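Have a look at the structure below, then the notes.
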Amino acid sequence: MTDAVAPASAPFATDQRVLGVRVRPITLRRWQAFRANRRGFVSAIVFGILFILSLFAEFIANDRPIVIWYDGELYAPVFFDYPETTFGGTFATTANYQDPFVQQLIEEKGAAIWPLVPFDYRGAVASLPGPAPTPPDGVNWLGTDDNARDVTARVIYGFRISVLFGLALTIVSTIVGVLAGAVQGFYGGWTDLLFQRGLEIWSGLPFLYVLLILSSVIEPGFWTLLGIMLLVSWTWPVGVVRAEFLRARNFEYVRAAKAMGMSDWRIMIKHILPNALVATLTFLPFTLSGSVTTLTALDFLGLGLPPGSPSLGELLQQGKENLQAPWLGITGFVVIGGMLVLLIFVGEAIRDAFDPRKSMA
């Protein structure tokens, strides 16, 4: 059961201010209940820090310096391409900063600040101690894969693209599903009946085979894969939102709003939707973890992102094919497992925050 939320037009006489921001009492109680779940609260902080750091992956793992001070001039290779001639070289092509000759030229008249991990997820590591994949050492902290690429860099970029894909899929599918459920529940009757029958037919389609067909026709990419997965995942919040709208559409304040001439969409968004979102928000972290798992599984099967993309699923696939290099499979398992555990803990804390028995205590 969800706790009822008063219509948005209700007075705010009992609101409190936190850091200068007006907060409703029920929102404050939910925040306190969320913080009371220490495991989920700490997990949210850890996951947030990791995600924010991954957004700046180019400054953490890159085969280019962040900045170069050369001959009295400041350069930013992480943002711009510079020819080798800029630093006294002979070629007009983009400088290869991993080349010892280019590094020597820079050191003669300046200095460079390198990222913490001086490797990119795309380029092969030169001067390996043995044939790829190589085990972890002081240079490649998590070793290299069978294409001689640094695993640490690929994990950082792979974490970012997995979370961004999961967030995009979760947000878009939630918006579409909430709108569909709202229309069904608010209007009811034939609208609800036709929507339900269509939803049952759509949910019964063999989407794995549809995905296989589309993957063979459409070139895989971030946005095309997101669009294909949206066709599958938008249905998850429909049932919850539909039930809440069916329940709330006959409440007194909804009838009063209709009598005052308020439009249907304004009633749905302003008066009923806040109640429906309570149950929907509790599922968001679990939906996000499911989206990340889906992308990982597709990449593992070779149906996901284009080859060469920084993919955690591709890392697991390499671990399966290179049993003599256990660090590949172990790294992929630890990263994906840790990410999902953090999201599950956050989901549990959000569920407690929106539980009326706890937030109203």
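Keep in mind that what you see is a predicted model, and the values were worked out from it rather than measured. Start at 1 with the first residue, then count along the sequence.
Counting heavy atoms from C-beta outward, Tyr82 and Thr94 have side chains that stay 4.5 Å or more apart. With a 4.5 Å cut-off on side-chain heavy atoms, Phe47 and Met339 count as touching. Here the side chains of Thr293 and Leu340 are in contact, with some heavy-atom distance below 4.5 Å. You'll find the side chain of Asp145 reaches within 4.5 Å of the side chain of Leu328, heavy atoms only. Inter-residue side-chain proximity for Tyr97 and Ile106 is flagged as met; some heavy-atom pair is nearer than 4.5 Å. Two residues are said to be in side-chain contact when any heavy atoms from C-beta on lie closer than 4.5 Å; Phe119 and Asn140 meet this criterion. Side-chain contact between Pro133 and Gln324 is present, with heavy atoms from C-beta onward closer than 4.5 Å. Side-chain atoms of Arg255 and Glu252, non-hydrogen and from C-beta on, do get closer than 4.5 Å to each other.
Rounding to the nearest 0.5 angstrom, the gap separating the CG atom in Leu193 from the CD atom in Gln184 is 10.0 Å. The distance from the OH atom of Tyr157 to the CZ atom of Arg122 is 7.0 Å, given to the nearest 0.5 Å. Taken from CD1 in Ile267 to CG in Leu273, the straight-line distance is 13.0 Å, to the nearest 0.5 Å. Residue Arg351 holds its CZ atom at 9.5 Å from CZ of Phe283, rounded to the nearest 0.5 Å. Residue Tyr121 holds its OH atom at 12.0 Å from OG of Ser311, rounded to the nearest 0.5 Å. To the nearest 0.5 Å, the span separating CG on Asn96 from CZ on Arg64 amounts to 9.5 Å.
Side-chain atoms of Ser54 come within 3.5 Å of backbone N or O of Phe51 as a donor-acceptor pair. Using modelled atom types, one side-chain atom of Ser162 and one backbone atom of Gly158 make a donor-acceptor pair closer than 3.5 Å. A donor-acceptor pair is defined here as one N or O able to donate and one able to accept, closer than 3.5 Å; no such pair exists between the side chain of Asn322 and the backbone of Ala325.
A single hydrophobic cluster is seen to contain both Leu312 and Leu164, as judged by linkage of ILVMFWY side chains at heavy-atom distances under 4.5 Å, directly or through other members. Leu50 and Val341 are assigned to two separate hydrophobic clusters, defined by single-linkage of ILVMFWY side chains at heavy-atom distances under 4.5 Å. Hydrophobic clustering, with ILVMFWY side chains joined whenever heavy atoms are under 4.5 angstrom apart, groups Val241 together with Phe251.
Ion pairing of Arg154 with Glu314 is present here, as a side-chain N (NZ or NE/NH1/NH2) and a carboxylate O approach within less than 4.0 Å.
Pairing each heavy atom of Ala44 with each of Phe34, the nearest pair is CB-CZ, 4.0 Å. For Trp202 against Thr235, the heavy-atom pair with the smallest separation is CD1-CG2, 4.0 Å. Of all heavy-atom pairs between Ile66 and Pro77, the closest is O-CD, 3.7 Å. For the residue pair Pro115 and Pro65, the shortest heavy atom distance occurs at CD-CA, 4.2 Å. Among all heavy-atom pairs drawn from Val78 and Glu58, the shortest one is CG2-O, 3.7 Å. Pairing each heavy atom of Asn147 with each of Ala124, the nearest pair is O-CB, 3.9 Å.
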I would like to know whether Thr85 and Thr90 meet side chain to side chain contact (heavy atoms under 4.5 Å, CB included); could you show each step before the answer? CA-CA 6 Å; Thr85 53; Thr90 57; over 6 Å; no

Are Tyr75 and Phe87 close enough, and set up right, to give a ring pair (Phe, Tyr, Trp, His ring centres under 6.0 Å), and what steps lead you there? CA-CA 10 Å; Tyr75 301 92; Phe87 309 106; 5.4 Å; yes

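Annotation: salt bridge (Lys or Arg N to Asp or Glu O under 4.0 Å) contacts of Arg38 (sequence neighbours excluded): none.
In this structure, Phe79 has its ring center under 6.0 Å from that of Phe59.
Only one option out of Leu305, Leu226, Leu169 pairs with Leu295 in a side-chain contact (heavy atoms from CB on, under 4.5 Å); it is Leu305.
A cation-pi contact, defined as under 6.0 Å to the ring centre and within 45° of the axis, is absent between Arg249 and Phe186.
The side-chain hydrogen bond (donor to acceptor under 3.5 Å, both in side chains) analysis of residues 278-289, with sequence neighbours excluded, yields no pairs.
Remark: the Glu200 side chain and the Gln196 side chain contain no N/O donor-acceptor pair separated by less than 3.5 Å. Asp146 and Gln318 share a donor-acceptor pair across their side chains, judged by distance under 3.5 Å alone.
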